[in-house]
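Quick notes on the structure that follows.
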Amino acid sequence: MRLSRYFIPTLREAPSDAQIASHQLMLRAGMIRQEAAGIYAWLPLGLRVLKKIEQIVREEMDRAGAIEVLMPTLQLADLWRESGRYDDYGDEMLRIKDRHERDLLYGPTAEEVITEIFRAHVKSYKELPKNFYNIQWKFRDERRPRFGVMRGREFLMKDAYSFDVDEAAARRSYNRMFVAYLNTFSRLGLKAVPMRADPGPIGGDLSHEFIILADTGESQVFCHRDLVEMPAPGDVDWDGDLQAIVDQRTALYAATEDMHEQARFEAEVPEADRLSARGIEVGHIFYFGEKYSKPMRAVVTGPDGQERPIHGGSYGVGVSRLVGGIIEASHDGAGIIWPDAVAPFGVAVINLRPGDSAVDLACEQAYGALRDAGKDPLLDDTDERPGAKFAAMDLIGAPWQLIIGPKGVAEGKVEIKRRATGERQSLSLEDALQAILT
RNA sequence: CGGAGUGUGGCUCAGUCUGGUAGAGCACCGCGUUCGGGACGCGGGGGUCGCAGGUUCGAAUCCUGCCACUCCGACCA
C-alpha cells in the first residue's frame, strides 16, 4: 500500500475522551473513530488488524474441528422467550420493533439461534459431537461503556457452541476449545492464562476465563507465575484425550478476583511464585449442560432409542476487544508495537526524499520485493519531513521499518529498524530485504 | 443505576466568574526557505460556541429544560 493513496488519519494529540493507552493509541493511529458511546467505526488501519485477528481465530477454530456459520445480528424475541432469557436479560438487551410491531432484538449472544438451527436438523446421537461458531457483531447496551473497544456496546465476538450427547462428551468438547484458545492467543502474541471462573447456576468446574496481564486490566487476578510463560500446546490429536493438557493448565492456582480465595492461594502457591496483577479477559468458555436444550427441546435420539436433551457449552473470544488488548500488552511511549502476526503492515518502507530519483528507485525495488514476498509493506511516499514520518510510523507500529534516504543511497546503504527494540542496522538494500524476509 | 465532570473549527485548549465584533497552538490551503526523529517565515480558509426556550438594546458568557460524552463506583465477551 502506498501511503499517499491510503487513509491513515493520525492525530498528534490524544482526544481527551480517551484515558487508557490502547484507546488513545487507536485514535491517534487513525484506527477507529467513535460514533457514539461504545460504538466505533473501524478505519482502514484498524480494520486490517481486526481482520487479521479474526482470521487467526477462525483458523484455530477450524483446526479444532469447529464449523463456521454466520448467524443474524437481529433475532426474534420469541426465540428468547422460549429459553426464558427475554425477560431475564434486562436493559443490556437492545430491543427493536419491526414495521409489523414484531419484537426483535440485536443479538448479545446466540445460544438461542444456534440451538434453533441445531434442533431443526440434528436428530441422532450419531451426528454428534458438533461445534458451530460464528464471528459476528454483537450488541450489549452496557451501563457504562469505556476503554475504547475494550468495553464497547457493539463488539465483534467469536462465539462457538458445542453439542454433545452427555456430560462426558461435552467435557471433551470443552477441552478442545480450551486447547484451541491457548493456541489462538499464543499466535496472537499474547500470554493468556486460563483462570477459574464463576460457572453460574450449573456449578461444577467447567468454566474458565482466559486472561492477559496488563496494568490497565479491568480485574485483579491471582495465579502461579509459571502459568504465564507456559508454551501453547500447538497442534494436537484433536480426537484424542486432551484432559492431560487441560489438567496441566488447571493444576496450578489461577483465579480472578470473583473466584479468588486468598487462603488457598497462599497454601497452594509458594510466595515467590505468587503473581497478583491486573488482567484483561479475552476469552471465556463454559459448559452449561441442558440449560438451553431442555426448554428449547433440542434433543437427539440416543443408542437406546430414547430422546434426550443435548449437553451444550459455549465459547467466546472478544475479537474487537483483542485489538485493544494486544495494544495494552504491547506499546511504548512512541506508539503501538504490533506482534508480527497481527500487524496491519509487516514493513513500513520510509522514503525520506520523494522526488529524488535514486531514492525513489530503491524504494520501489524494496516495496515490490516485499509485496511479492507477502510482507504487506506500507510505502510512505508522502511529502512529509523525515521527523514526521518517523513519528507516524512508530505510532502505527509496523514491526519493521526500512528507511531509505539520499545519504544512505549514495553509499549503497539503507537502514532497517526493528520497532520492538529500536535496534537499527545500516545494510545494503539486498541484505536489508534478506534480514526482513528471514 | 448512584456520584462527579465536560460540551467553543479535525485535535488540544483559552475566553464564561464580571454579558459588548469568537481566540491561540497543532492540523489544512498557497508561496518561499528547508529536509535522517513531529521545521521556519509570510499570506489564507474553516466555528449556528451541544440543542431548545427565556432574560437583555445586546448572550459562548446569566436563567430554565433537554441531549450528548467522559471519569469513579456497582454489573459484564
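Throughout, protein chains are lettered first and strands after them, A, B, ... in sequence-line order, and every chain is numbered starting at 1.
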Report the nucleotide, chosen from [options], that has the shortest atom-to-atom distance to any side-chain atom of [X].
| X | options | answer |
| --- | --- | --- |
| E142(A) | A74(B), A77(B), G36(B) | A77(B) |
| D17(A) | C35(B), C69(B), C72(B) | C69(B) |
| P406(A) | C35(B), C28(B), G36(B) | G36(B) |
| R353(A) | U70(B), C75(B), C35(B) | C35(B) |
| F390(A) | A77(B), G37(B), A74(B) | G37(B) |
| R385(A) | G37(B), U34(B), C75(B) | U34(B) |
| P386(A) | C71(B), G36(B), A77(B) | G36(B) |

Near-parallel close stack of F155(A) and A77(B) base (under 5.5 Å, under 30°): yes

Upstream residue (5' side of RNA chain B) when R28(A) and R140(A) are each assigned their closest nucleotide: R28(A)

Nearest-nucleotide 5' precedence on RNA chain B, E384(A) against K389(A): E384(A)

Short side-chain to backbone donor-acceptor contact, S330(A) and I337(A), under 3.5 Å: yes

Looking at [N], which nucleotide sits across from it as a Watson-Crick or G-U wobble partner, both distances under 3.5 angstrom, or is there none?
| N | result |
| --- | --- |
| U48(B) | none |
| A68(B) | U6(B) |
| G41(B) | C31(B) |
| A77(B) | none |
| C57(B) | G20(B) |

side-chain hydrogen bond (donor to acceptor under 3.5 Å, both in side chains) pairs, two or more places apart, involving residues 397-413 of chain A: D394(A)-Q401(A)

Interatomic distance at P, C75(B) relative to G53(B), whole Å: 43 Å

Distance in angstrom units between [X] [atom1] and [N] [atom2], rounded:
| X | N | atom1 | atom2 | result |
| --- | --- | --- | --- | --- |
| R146(A) | C72(B) | CZ | C1' | 9 Å |
| F139(A) | A77(B) | CZ | C1' | 14 Å |
| E35(A) | C69(B) | CD | C1' | 13 Å |
| Y133(A) | A77(B) | OH | C1' | 17 Å |

With sequence neighbours excluded, residues passing ring pair (Phe, Tyr, Trp, His ring centres under 6.0 Å) with F155(A): none

Qualifying residues under ring pair (Phe, Tyr, Trp, His ring centres under 6.0 Å), relative to F139(A), sequence neighbours excluded: Y106(A)

Pairing residues for E68(A) by the salt bridge (charged side-chain N to carboxylate O under 4.0 Å, His left out) criterion, not counting sequence neighbours: R58(A)

Look for any protein N or O under 3.5 Å of an N or O in nucleotides 14-16 of chain B and output each such pair with its distance, or none.
none

Inter- and intrachain pairs under ring-ring contact (aromatic ring centres under 6.0 Å, His included), touching residues 213-233 of chain A, at least two apart: F222(A)-H260(A), F222(A)-F265(A)

Residues that T250(A) engages under side-chain contact (heavy atoms from CB on, under 4.5 Å), provided they are two or more places apart: F178(A), H208(A), V246(A), D247(A)

Residues in side-chain contact (heavy atoms from CB on, under 4.5 Å) contact with D103(A), at least two apart in sequence or another chain: A77(A), R81(A), Y86(A), K97(A)

Where at least one partner belongs to residues 350-367 of chain A, residue pairs that pass salt bridge (charged side-chain N to carboxylate O under 4.0 Å, His left out), sequence neighbours excluded: R2(A)-E364(A)

Pairs touching residues 17-44 of chain A that satisfy salt bridge (charged side-chain N to carboxylate O under 4.0 Å, His left out), sequence neighbours left out: none

Side-chain heavy atoms of Q248(A) within contact of M230(A), under 4.5 Å: yes

Within-4.5 Å side-chain heavy-atom neighbours: I403(A) and L352(A): yes

Any N/O pairs under 3.5 Å between the protein and nucleotides 3-11 of chain B? List them or say none.
residue : atom : partner : partner atom : Å
C11(B)  : O2'  : E13(A)  : O            : 3.2

Residue-level proximity of residues 39-59 of chain A to RNA chain B when a heavy atom falls under 4.0 Å: none

